[in-house]
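All residue numbers refer to positions in the sequence shown, counting from 1. Note that ligands are numbered from 1 as they come in the structure, with each ligand's atoms numbered from 1 the same way.
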Amino acid sequence: MDEFSFINSIKQQTYKQSSVVKGIGDDAAVFRNTSQDIVTAVDTFVEEVHFSRATMDPFHIGYRSLAANISDLAAMGATPAFYLVSIVIPKHWADEELTKLYKGMDNLATIHNMDLIGGDTVSGKELSISITVIGFVSKGNARYRSSAKPGDILFVTGTLGDSQAGFHILNNPGKFKEKEYYYNKHRMPEPRVAFALELGSLSRVALNDISDGIANEANEISEASKVSITIYEDKLPTSTSYKQFPVKLQREWKLFGGEDFELVGTVAKAEWEAMKLVAERTNTPLKEVGYVDFSKSDEHKVFGVNQKNKKKLLEKKGYTHLE
Ligand SMILES: Nc1ncnc2c1ncn2[C@@H]1O[C@H](COP(=O)(O)OP(=O)(O)OP(=O)(O)O)[C@@H](O)[C@H]1O
Ligand SMILES: Cc1ncc(C[n+]2csc(CCOP(=O)(O)O)c2C)c(N)n1
Ligand SMILES: [Mg+2]
Ligand SMILES: [Mg+2]
Ligand SMILES: [Mg+2]
C-alpha cells in the first residue's frame, strides 16, 4: 500500500465530535473552539524502548500508545476529543499489521468518543509513533501537579506494579498465576478518564498520571507544589496475586516501575469523602497512601515509610530516558 492509500485506509468516514470542521484531508485539521479550555499533549513510542514485537501485537502497540496519551488528558481532568498520529513505518511492516495497529487505537478511541483528525506518515528504520491528543475542560478547571497543599491526603487509583509484572511474565515464560490479567494490564491499560472527569465536582485536586512510577510522579507533585510528601509503602495498592513475585521486584515495580497509567494525587481531608463517592460511582479502586507534610522546610522532597516504620528519602527514580 502506498502512503496515500494508507492515509485513505485509516481515515474516518464520519466524525463523532461535532466541533470538527476539517479532519483528515487538508494541510491541517480544523475544529471550532467552544467555550472551554483546550488541553493538549504529545507522547512518543519507539520500538525496543516502549514496546517490542516479542511482547506486543500491533493491536496492543496501537492501543497502549493511545492509552498513555489519554492518561495525560485524564491527569489534567480533561475530556478526550481528538488525536493525531505521526508514524514512522519500517519497510518490513505488512499492511495487515498496520491496519491492526490502527484498530488498536480506534478501539480505545471509540470508548472515549475520540476522532482521528490528522497525523503524518513516513518510512524509517524502526517503528515509532507520536500521538498528539486534544481534550476539553471547563474554563479554569484543569487539574495541575502544582495544586497540593500541606495536610492533603495522598491517594492513588487502581493497583501498582501490574504493568511491569506483565512485562516480566511476557519476557520470562514460566509458571505464574493470572497471566492473562497481567498481560492485559501491560498491553491494554485503562486510563482513568471517568474518575478524573467526575472529580470536576471537587474544588481542588492535584493530579498526575503514573507513567514512570509513583516515586517519580509524587516527586513531580512535590516539586510543582513546593511541598514534601510522605508515602506509606505498605499502603500502596497491589493485586492479590502480586505476592507471587520476588519481594524485591514487588517493591521495585510498585514504586519505580511505571506504565500503570493510574492516577496519583492529593486532596484536602475535607473533600476525601466526596472523592470516595466519585470512586464508587465510577467503579474506580481508590486508596489513601500518604499525606502532604506540614513541614516548613524549603526543601521539597518525597519520603517513603517502609515496613520497619523507617522514613527515608524516596528518590526521583523511575523510568528515565536520558541519564
Ligand atoms: N522535547 C520537548 N519539548 C518541549 N516540551 C517537552 C519536551 N519533552 C517534554 N516536554 C514537556 O515537559 C513536561 C513534562 O513532560 P513529560 O513527558 O515528563 O510528562 P508526561 O508526558 O506526563 O510523562 P511521560 O512522557 O513519562 O508519560 C510536559 O509539559 C511536556 O510537554
Ligand atoms: C521493550 C520495552 N522495554 C522497556 C519497557 C519499560 N518502559 C519503557 S518506557 C517506560 C516508562 C514510560 O515511558 P515514557 O516516559 O516515555 O512515557 C517503561 C517503564 C517497555 N515497556 N518495553
Ligand atoms: Mg511525555
Ligand atoms: Mg503524564
Ligand atoms: Mg516519562
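Distance from atom 18 (O) of ligand 1 to its nearest protein heavy atom, with residue and atom name: E220 OE2, 4.5 Å. At the top of the distance list for atom 25 (O) of ligand 1, counting protein heavy atoms only, stands D43 OD1, 2.9 Å. Of the protein's non-hydrogen atoms, V49 O, 3.3 Å is the one closest to atom 3 (N) of ligand 2. With respect to atom 6 (C) of ligand 2, the closest heavy atom belonging to the protein is E259 OE1, 3.5 Å. Regarding atom 14 (P) of ligand 2, its nearest protein heavy-atom neighbour is H321 NE2, 3.4 Å.
Ligand-side atoms of ligand 2 in range of H186: 21 (N), range being under 4.0 angstrom from any heavy atom. Within ligand 2, counting atoms from 1 as listed, the ones closer than 4.0 Å to a heavy atom of Q164 are 19 (C). Close approach to H50 involves these atoms of ligand 2, each under 4.0 Å from a residue heavy atom: 9 (S), 13 (O), 14 (P), 16 (O), 20 (C), 21 (N), 22 (N). Set against the non-hydrogen atoms of S211, the atoms of ligand 1 under 4.0 Å away are 23 (O), 24 (P), 26 (O), 27 (O). Interface of R64 with ligand 2, defined as ligand atoms under 4.0 Å from a residue heavy atom, comprises 21 (N). Those atoms of ligand 1 that come under 4.0 Å of a heavy atom in D212, given as number and element, are 26 (O). For ligand 1, the atoms closer than 4.0 angstrom to any heavy atom of R145 are 19 (O), 22 (O).
There is a protein heavy atom less than 4.0 angstrom from atom 21 (O) of ligand 1. For atom 12 (O) of ligand 1, the protein comes within 4.0 Å by no heavy atom at all. Within a 4.0 Å radius of atom 27 (O) of ligand 1, the protein has at least one heavy atom.
Using a 4.5 Å heavy-atom cutoff, the side chains of I70 and F261 are not in contact. By the 4.5 Å heavy-atom criterion applied to side chains, I210 and V156 are counted as neighbours. Contact of the F45 side chain with the R64 side chain is not registered, since no non-hydrogen atoms from C-beta on lie closer than 4.5 Å.
For the residues D212, D43, T320, D260, the heavy atom positioned nearest atom 15 (O) of ligand 2 is part of D212. Taking all heavy atoms of F256, Y319, F45 into account, the minimum distance to atom 9 (S) of ligand 2 is reached by Y319. Around atom 17 (O) of ligand 2, the closest heavy atom drawn from G257, S211, S65 belongs to S211.
Inspection of the T284 and T282 side chains reveals an N or O donor paired with an N or O acceptor under 3.5 Å. Between the side chains of S241 and E178, at least one donor-acceptor pair of N or O atoms lies under 3.5 Å. Of the N and O atoms on the side chains of D260 and S163, not one donor lies less than 3.5 Å from an acceptor on the other residue. Side-chain N/O atoms of S239 and K185 include no donor and acceptor closer than 3.5 Å.
Considering every non-hydrogen atom in both A148 and V292, the closest pair reads CB-CG2, 4.3 Å. Across T238 and T159, no two heavy atoms sit closer than the pair C-CG2, 3.5 Å.
Distance CZ/R204 to OG1/T266: 5.5 Å, rounded to 0.5 Å.
Evaluation of the side chain to side chain contact (heavy atoms under 4.5 Å, CB included) rule for E97 yields R53, P58, W93, A94 as partners, not counting sequence neighbours.
Near the Mg ion (ligand 4), less than 2.8 Å away, sit the protein N, O or S atoms D72 OD1, D209 OD1.
Between Y182 and F176, the ring centre distance reaches or exceeds 6.0 Å.
At a 3.5 angstrom cut-off on N or O pairs, S52 does not count as close to ligand 2.
Relative ring orientation between Y232 and Y291 is described as tilted, the plane-to-plane angle lying within the 30° to 60° band.
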Please step through side-chain contact (heavy atoms from CB on, under 4.5 Å) for the pair M105 and L116, ending with a clear verdict.
CA-CA 9 Å; M105 288 190 284; L116 173 63; over 6 Å; no
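Comment: E233 does not engage K254 in a salt bridge, judged by the lack of any side-chain N to carboxylate O separation of less than 4.0 angstrom. A salt bridge between R192 and D209 is absent, with no side-chain N of the basic residue lying under 4.0 Å from a carboxylate O of the acidic one.
If you look at D72 next to ligand 1, the close heavy atoms, those under 4.0 Å, all belong to the side chain.
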